[in-house]
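One structure is given below, encoded as structure tokens.
Start at 1 and go down the list; that is how both ligands and their atoms are numbered. Counting begins at 1 with the first residue of the sequence.
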Amino acid sequence: MIRAVYPGSFDPITNGHVYIAERAAALFDELIVAVLHNPEKRATFSVEERQMMAREALSHLPTVKVDAFQGLLVDFMRHVRSRIIIRGLRALSDFEYEFQLAQMNRQLAPEIETMFIVTDAKYSYLSSRGVKEVYSFGGPIQDMVPPGVFRRLRERIPPAGL
Ligand code: COD
């Protein structure tokens, strides 16, 4: 049984994240979407809300589980007995950050491999931060996020001119 982990902030999950989870779920027996709980960093949504939105958005994928982690990713990887980290790549600009993360994780845990999945062109501009910014200025984001995320964003951030 091969289990992979797709870690991230998912604040909130976007259609770009969903796409990567779908591609990874097709490759491995089980995929854990691992939501980072970082008490020192203020997120728009609590870790519970981020997990709930991810569970809803990925409910069509029976082999995908959603969990949360604190501290080092490699400790979580060992805890859930997985040796594959999945990350998504949108553009060359992602590469430097992702490369550093992968090298750091390899230094910490040489047995763990980071694998990258290239996004679909139609999601290459999508980020959680971008979605929140567009929404806060009244831009349409319905096609960028799952319906449950759209609903919760409306509750959290007053819609400006939507
Ligand atoms: N299309 C494709 N992929 C996408 C898209 C999109 N539109 N949007 C985002 N992604 C990819 C990102 O490139 C990333 O690979 C992944 O989805 C998750 O993205 P985010 O932004 O939600 O998550 P990040 O990048 O903030 O996650 C960072 C971690 C939580 C993985 C990292 O900070 C971490 O591991 N922290 C724990 C502490 C640790 O272990 N540190 C040591 C390593 S430095």
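Panel note: side chain Arg90, backbone Thr119; no donor-acceptor pair is recorded below 3.5 Å.
In this pair, Tyr123 and Tyr19 present their aromatic rings tilted. The plane angle is within the 30 to 60° band. The aromatic rings of Phe76 and His79 lie tilted to each other, with the angle between the two planes from 30° to 60°. Taking the six-membered ring for Trp and thresholds of 30 and 60 degrees, Phe95 and Phe116 have ring planes inclined between 30 and 60 degrees apart.
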For this session: Output, in order, the C-alpha distance, side-chain angles, deciding distance and verdict of side chain to side chain contact (heavy atoms under 4.5 Å, CB included) for Val18 and His60.
Result: CA-CA 11 Å; Val18 172; His60 60 295; 4.2 Å; yes

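Classification of Asp11 and Lys132 as a salt-bridged pair holds, one side-chain N sitting under 4.0 Å from a carboxylate O.
Within 4.0 Å of ligand 1, the residues that place a heavy atom are Tyr6, Pro7, Gly8, Ser9, Phe10, Gly16, His17, Ile20, Leu36, Phe69, Gly71, Leu72, Leu73, Arg87, Gly88, Arg90, Asp94, Tyr97, Glu98, Leu101, Met104, Asn105, Thr119, Tyr123, Leu126, listed by chain and number.
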